[in-house]
Amino acid sequence: MSTLEPREQSLEIGAPVFNGQPEDYWVGRIETADPALRQSLFDAAAKLRGQAYLELGYVSPDRVDHKGREIDDDDARSIHFTALERLSDGTSRIVGNSRLITKDSLDNPLPIERYFPEAFADNPIQPGFVEVSRLIAVHENPRLRHKIALALIRSMIKHTVPMGIHESYCIVEDPLLRLLNSIGIPAEPLGEPKFIPDQNGLLKPVRMEHVRSIDPEYMEQIGKTAMRNFFFDGGHGSDGFYDDSFIRKNHELR
């Protein structure tokens with residue numbers, strides 16, 4: 001489940017992520033942050049999830065804890081990503097969030113398998129594969145909101161491909177499916193859309209062959225030259241500081 005346009009605003013956080021770095025954005029895995037920052041970053045991301053999904057009616061109030069966080073059992077087996085923006089007063093705010101839920105055993109299906117069992121009745125997803133989940137991008141500037149979503153997608157792809165994970169799964173609304181198609185990530189629907197009551201949305205099961213999005217020859221072939229430059233930015237990783245183009249990466253967070 002994902003959203004690119006929640007009505008609520010991003011959340012300010014006190015974590016000193018930038019510490020004099022010249023860029024205004026950081027995107028990457030929470031686990032690459034300083035250990036002292038990781039819990040506060042996760043809590044801020046979980047609060048953004050709760051804020052956005054409550055506002056849009058995706059979850060019921062009982063899904064949000066007393067701290068305002070939307071968390072679930074899949075968080076423990078997930079790789080968490082976030083996007084931060086530096087503010088003029090030196091503080092920062094969280095402007096994006098996503099996670100990769102890792103299938104850890106055949107006995108522990110991914111959410112897509114629980115919601116759409118008919119799509120996997122004869123071919124269950126194997127352990128080690130991932131489901132993209134909780135993709136949120138918020139910003140008052142639509143151009144930056146779009147780039148934040150792309151930067152999170154790129155960060156997830158560049159994390160999984162070196163691990164030999166060349167495809168992933170997700171359940172999405174039409175706006176995100178259109179975004180995936182527009183940037184050249186092959187996204188194959190695996191079934192008809194279905195209303196998911198506990199997420200209050202009409203969602204489609206999708207398999208993404210995301211390895212192609214960081215193949216410059218493929219992106220050139222399909223005419224996505226702008227996306228080629230974005231996804232193939234010369235860096236081997238994707239965790240780090242960016243200017244507002246989200247292409248130039250000068251520093252790692254470590």
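Computation of the quantities below employed the complete heavy-atom set of this structure, encompassing side-chain atoms and omitting hydrogens, waters and symmetry-equivalent molecules.
- No donor-acceptor pair under 3.5 Å is formed between the side chain of D243 and the backbone N or O of E23.
- Residues V64 and G50 approach most closely at CG2-CA, 4.1 Å, considering heavy atoms.
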For F246 and L150: C-alpha separation, side-chain torsions, deciding distance, then whether side-chain contact (heavy atoms from CB on, under 4.5 Å) applies. CA-CA 9 Å; F246 289 95; L150 292 180; over 6 Å; no
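- Within the 4.5 Å cutoff, the side chain of E173 has no heavy atoms near those of the L202 side chain.
- The nearest pair of heavy atoms linking K67 to K47 is O-CE, 3.2 Å.
- Contact of the E209 side chain with the H166 side chain is not registered, since no non-hydrogen atoms from C-beta on lie closer than 4.5 Å.
- Checking each of E85, R145, K147 against H139 for a side chain to side chain donor-acceptor pair (under 3.5 Å) leaves exactly one that passes, namely E85.
- With no hydrogens or angles considered, no side-chain donor-acceptor pair links S105 and D107 at under 3.5 Å.
- A distance of 12.0 Å separates CG in N141 from NE2 in H146, rounded to the nearest 0.5 Å.
- Taken from CD1 in I71 to CG in D65, the straight-line distance is 5.0 Å, to the nearest 0.5 Å.
- Side-chain atoms of V130 and I101, non-hydrogen and from C-beta on, never get closer than 4.5 Å to each other.
- A cation-pi arrangement is present between K194 and F116 under the rule of less than 6.0 angstrom and at most 45 degrees off the ring axis.
- Between D72 and R134, at least one side-chain N (NZ, or NE/NH1/NH2) sits under 4.0 Å from a carboxylate O, which counts as a salt bridge.
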CA sep, side-chain torsions, deciding dist, call: Y169, M208, side-chain contact (heavy atoms from CB on, under 4.5 Å): CA-CA 6 Å; Y169 298 85; M208 297 176 290; over 6 Å; no
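- A donor-acceptor contact shorter than 3.5 Å links the side chain of E113 to the backbone of L110.
- Residues F81 and I30 have side chains not in contact (no heavy-atom distance under 4.5 Å, counting atoms from C-beta outward).
- Contact check for N97 versus F42: no side-chain heavy atoms found under the 4.5 Å cut-off.
- With T91 contributing its side chain and L87 its backbone, the two residues share no donor-acceptor pair below 3.5 Å.
- Scanning all heavy atoms of the two residues, the minimum distance from P111 to D74 falls at CG-OD2, 3.4 Å.
- Listed for the T160 side chain is a donor-acceptor partner under 3.5 Å among the backbone atoms of M156.
- With 3.5 Å as the limit, one finds a donor-acceptor pair spanning the side chains of S133 and R99.
- Residue R207 comes nearest to E188 through the heavy atom pair NH2-OE1, 2.6 Å, listed as atom of the first residue, atom of the second, then distance.
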Chi angles and distances behind the side-chain contact (heavy atoms from CB on, under 4.5 Å) call for R29, I79: CA-CA 7 Å; R29 290 168 290 157; I79 304 164; 4.0 Å; yes
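- Of the charged side-chain nitrogens involved, none lies within less than 4.0 Å of a carboxylate oxygen, so that E192 and K204 do not count as a salt-bridged pair.
- Side-chain contact, D104 with T102: no donor N or O sits under 3.5 Å from an acceptor N or O.
- No side-chain heavy atom of L48 sits less than 4.5 Å from a side-chain heavy atom of T82.
- Separation of atoms CG (L177) and CD1 (I171) is listed at 13.0 Å; rounding is to 0.5 Å.
- The two residues G128 and I165 have their closest heavy-atom pair at O-CD1, 3.2 Å.
- Sparse packing is recorded around CG of D122, with 12 or fewer heavy atoms of other residues, nucleotides or ligands lying under 6.0 Å away.
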Under the criterion side-chain contact (heavy atoms from CB on, under 4.5 Å), I'd like the reasoning laid out for F120 against L190: C-alpha separation, chi angles, the key distance, then a yes or no. CA-CA 9 Å; F120 304 97; L190 300 176; 3.7 Å; yes
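- Judged by distance alone, the side chain of S182 and the main-chain N or O of L179 form a donor-acceptor pair under 3.5 Å.
- With respect to R114 and E131, no salt bridge is recorded, no charged nitrogen being found less than 4.0 Å from a carboxylate O.
- I112 contributes atom CD1, which lies 11.0 Å from atom NZ of K103 (distance to the nearest 0.5 angstrom).
- Inter-residue side-chain proximity for L135 and I153 is flagged as met; some heavy-atom pair is nearer than 4.5 Å.
- Taking 4.5 Å as the limit, every side-chain heavy atom of Y25 sits out of range of all side-chain heavy atoms of L84.
- To the nearest 0.5 angstrom, I94 atom CD1 is 7.0 Å from L41 atom CG.
- Under the 4.5 Å side-chain heavy-atom criterion for ILVMFWY residues, a single connected hydrophobic cluster contains both M163 and L100.
- For the pair R38 (side chain) and E31 (backbone), a donor-acceptor distance under 3.5 Å is present.
- Smallest separation of non-hydrogen atoms from P205 and G191: CG-N, 3.6 Å.
- Relative to the six-membered ring of F18, R86 meets both conditions, a distance below 6.0 Å and an angle of at most 45° to the axis.
- In this structure, R69 does not pair ionically with D75, as no charged nitrogen and carboxylate oxygen lie closer than 4.0 Å.
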